[in-house]
2 protein chains.
Amino acid sequence: MTGKPKISPSSEQIRAAGVKVTRQRVRVLDALLAARQPLCHGELESQLGGAEAGSRRVIDRVTLYRVLDSLVACGLAMRAVDPRGVFRFSATGAPRQHAGHVHFRCTDCGGVFCLKAEPPPPPALPRGFRLAQVEFDVRGTCAQCGAR
Amino acid sequence: MTGKPKISPSSEQIRAAGVKVTRQRVRVLDALLAARQPLCHGELESQLGGAEAGSRRVIDRVTLYRVLDSLVACGLAMRAVDPRGVFRFSATGAPRQHAGHVHFRCTDCGGVFCLKAEPPPPPALPRGFRLAQVEFDVRGTCAQCGAR
DNA sequence: TCTGCAAATGCAACAATGTTGCATTTGATG
DNA sequence: CATCAAATGCAACATTGTTGCATTTGCAGA
Ligand SMILES: [Mn+2]
Ligand SMILES: [Mn+2]
Ligand SMILES: [Zn+2]
Ligand SMILES: [Zn+2]
């Protein structure tokens with residue numbers, strides 16, 4: 001028995017994104033896909049058993065950062081700062097899926113909702129400035145949280 | 001000569017806010033009022049001579065945090081996270097000074113620059129959703145960072 | 001002007017987050 | 001299987017932010 005390579009839904013996404021399919025990338029993307037809200041580094045680390053005392057580390061802290069960076073770079077994950085200044089990561093499902101519309105972020109539950117509105121056009125920039133990304137963030141409370 | 005207490009514009013604001021007028025609070029609020037963009041902790045520290053080698057520290061790092069906290073608490077300053085996840089502080093002295101235009105954030109140096117463009121109008125929301133805040137983030141590299 | 005005291009400060013220690021360098025391991029390819 | 005660039009683990013470091021505690025100080029009242 002050599003142990004069949006596990007086929008998880010994330011494996012295919014990673015392969016399709018054109019990067020190596022590794023244990024750690026699969027693990028992390030699996031966690032992001034299963035999560036109901038964007039996860040910060042610490043949450044991912046403890047969920048993956050990164051800091052267990054006694055048992056072996058499953059993933060290195062730095063590797064987790066680099067895996068997250070790579071997932072963001074190839075479009076499989078999104079990164080955003082939360083109001084406390086920490087990065088939170090979420091799976092984007094199919095790459096570029098969320099490029100053409102505005103998102104609403106619930107400040108209560110942390111949920112992200114897709115709106116139908118198109119992102120506004122970028123403004124004119126001073127000389128020498130180079131535009132990399134525009135983000136139109138709409139925040140408030142979602143219907144479910146507002147009902148409580 | 002006992003040294004007259006310096007009267008700076010910020011002294012009055014601090015007194016009016018109902019908290020003690022201290023050297024450090026005056027120093028920090030002066031810096032915030034003079035700044036053309038929101039400043040992060042490190043920028044304030046080096047501007048105030050907090051980490052000079054050889055000469056005496058002018059303000060302690062922790063005191064700076066606590067002074068900023070107190071200024072925010074009494075409404076004299078505002079705190080927001082930049083795209084890199086660090087807090088940036090600005091004086092609220094001139095009220096709503098940065099409300100009417102879009103800001104550009106340099107992903108290299110973290111700097112914030114005021115643009116002339118007006119913020120886009122908020123999009124329509126699904127039923128039950130309540131809008132609290134819209135943020136139009138324009139990111140990229142500033143002229144100085146792009147030149148290198 | 002002097003005194004008393006709560007508030008503010010400085011300093012040490014700690015925690016969390018994020019980065020860099022380098023040696024070793026591993027996934028993919030032929 | 002052999003190969004090698006990419007990925008990983010680990011140590012070390014930087015920055016940001018917090019907490020506890022002893023000392024200093026602003027300021028109100030005597
Ligand atoms: Mn979306
Ligand atoms: Mn941070
Ligand atoms: Zn919600
Ligand atoms: Zn810059």
Side-chain angles (χ1 to χ4, degrees), chain A residues 2-7 10-12 14-29 38-46 48-52 56-74 79-89, chain B residues 2-7 11 14-29 38-46 48-52 56-74 79-89 107-110:
Chain A
T2 56
K4 291 180 187 174
K6 277 185 251 170
I7 298 291
S10 52
S11 300
E12 273 316 304
I14 295 171
R15 190 182 320 280
V19 296
K20 279 190 184 177
V21 180
T22 68
R23 257 198 330 268
Q24 308 297 44
R25 284 216 252 253
V26 171
R27 252 199 268 269
V28 173
L29 186 51
L39 301 177
C40 70
H41 180 271
E43 291 164 351
L44 274 165
E45 194 179 356
S46 54
L48 298 175
E52 296 297 307
R56 278 183 203 84
R57 230 185 310 291
V58 175
I59 186 170
D60 182 73
R61 215 171 57 83
V62 178
T63 301
L64 178 50
Y65 275 112
R66 292 197 271 228
V67 164
L68 287 169
D69 282 347
S70 75
L71 291 179
V72 170
C74 70
R79 192 182 82 161
V81 290
D82 78 0
R84 290 190 331 218
V86 314
F87 294 140
R88 305 197 85 93
F89 298 86
Chain B
T2 57
K4 291 181 188 172
K6 279 184 247 170
I7 298 290
S11 300
I14 295 171
R15 191 181 319 279
V19 297
K20 281 191 185 177
V21 180
T22 70
R23 258 196 329 270
Q24 309 296 43
R25 285 215 253 252
V26 172
R27 252 199 268 269
V28 173
L29 186 52
L39 301 176
C40 70
H41 179 270
E43 289 164 351
L44 274 166
E45 194 179 357
S46 52
L48 298 175
E52 296 296 306
R56 278 183 202 84
R57 232 184 308 290
V58 175
I59 186 171
D60 182 74
R61 215 171 57 82
V62 179
T63 300
L64 178 51
Y65 274 112
R66 293 197 270 227
V67 164
L68 288 168
D69 282 347
S70 74
L71 291 179
V72 169
C74 70
R79 192 181 82 160
V81 291
D82 78 359
R84 290 189 328 198
V86 314
F87 294 141
R88 292 190 163 269
F89 298 86
T107 51
D108 253 34
C109 65

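Reminder, nothing fancy here: chain letters follow the sequence lines and each chain counts from 1. No hydrogens, no waters, no symmetry mates; every other heavy atom, side chains included, goes into these values.
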Among dA7(C), dT16(D), dT18(D), the one nearest any side-chain atom of V62(B) is dT18(D)

### Task
Identify whether any heavy atom of V67(A) sits under 4.0 Å from a base atom; if not, whether one sits that close to sugar-phosphate; answer base, sugar-phosphate or nothing.
sugar-phosphate

Separation of dA14(D) atom P from R84(B) atom CZ, nearest Å, is 17 Å

Sorted by chain and residue number, the salt bridge (charged side-chain N to carboxylate O under 4.0 Å, His left out) partners of D82(A) (sequence neighbours excluded) come out as R88(A)

The reported gap from CG in L39(B) to CG in L44(B) (rounded to nearest 0.5 angstrom) is 4.5 Å

note: D60(A), atom CG; dT19(C), atom P; distance rounded to Å ~ 14 Å

To the nearest angstrom, the CG-P distance between L64(A) and dT8(D) comes to 10 Å

Rounded to whole Å, CZ of F89(A) lies from P of dT17(C) at a distance of 11 Å

Give me the distances for all protein-to-nucleotides 26-30 of chain C N/O pairs that come in under 3.5 Å?
residue, atom, partner, partner atom, Å
dG27(C), O3', V21(A), O, 3.3
dA28(C), OP1, V21(A), N, 2.7

From the candidates dT19(D), dG18(C), dT8(D), the one with an atom nearest any side-chain atom of T63(A) is dT8(D)

Please step through side-chain contact (heavy atoms from CB on, under 4.5 Å) for the pair I59(A) and V28(A), ending with a clear verdict.
CA-CA 9 Å; I59(A) 186 170; V28(A) 173; 4.0 Å; yes

Taking dG17(D), dA11(D), dG18(C) as options, the one with an atom nearest any side-chain atom of F87(B) is dG17(D)

Is there a side-chain contact between R79(B) and L68(B) (heavy atoms, below 4.5 Å)? no

Residue set satisfying side chain to side chain contact (heavy atoms under 4.5 Å, CB included) with A17(B), at least two apart, ordered chain then number -> C74(B), L76(B)

*asked:* Less than 4.0 angstrom between a side-chain N/O of Q24(A) and OP1 or OP2 of dG9(D), yes or no?
replied: yes

Separation of dA16(C) atom C1' from R61(A) atom CZ, nearest Å, is 8 Å

Between its two end axes (five pairs each) the helix from dT1(C)-dA30(D) to dG30(C)-dC1(D) turns, nearest 10 degrees, through 30°

**Asked** Are side-chain heavy atoms of H41(A) and V86(A) found at a separation under 4.5 Å?
**Response** no

Original post:
Do E45(B) side-chain atoms and D60(B) backbone N/O form a donor-acceptor pair below 3.5 Å?
Top reply: no

Taken to the nearest 0.5 Å, the spacing of L29(B) CG from L71(B) CG works out to 5.5 Å

Y65(B) OH to dG10(C) C1', in whole Å, measures 16 Å

Contacts satisfying side-chain hydrogen bond (donor to acceptor under 3.5 Å, both in side chains) that involve residues 63-73 of chain B (not counting sequence neighbours) are R25(B)-S70(B)

To the nearest angstrom, the CG-P distance between D69(A) and dA6(D) comes to 16 Å

Atom CZ of R88(A) and atom P of dT17(C) are separated, to the nearest Å, by 10 Å

Considering only heavy side-chain atoms of R66(B), the closest of dG17(D), dG9(D), dT19(D) is dT19(D)

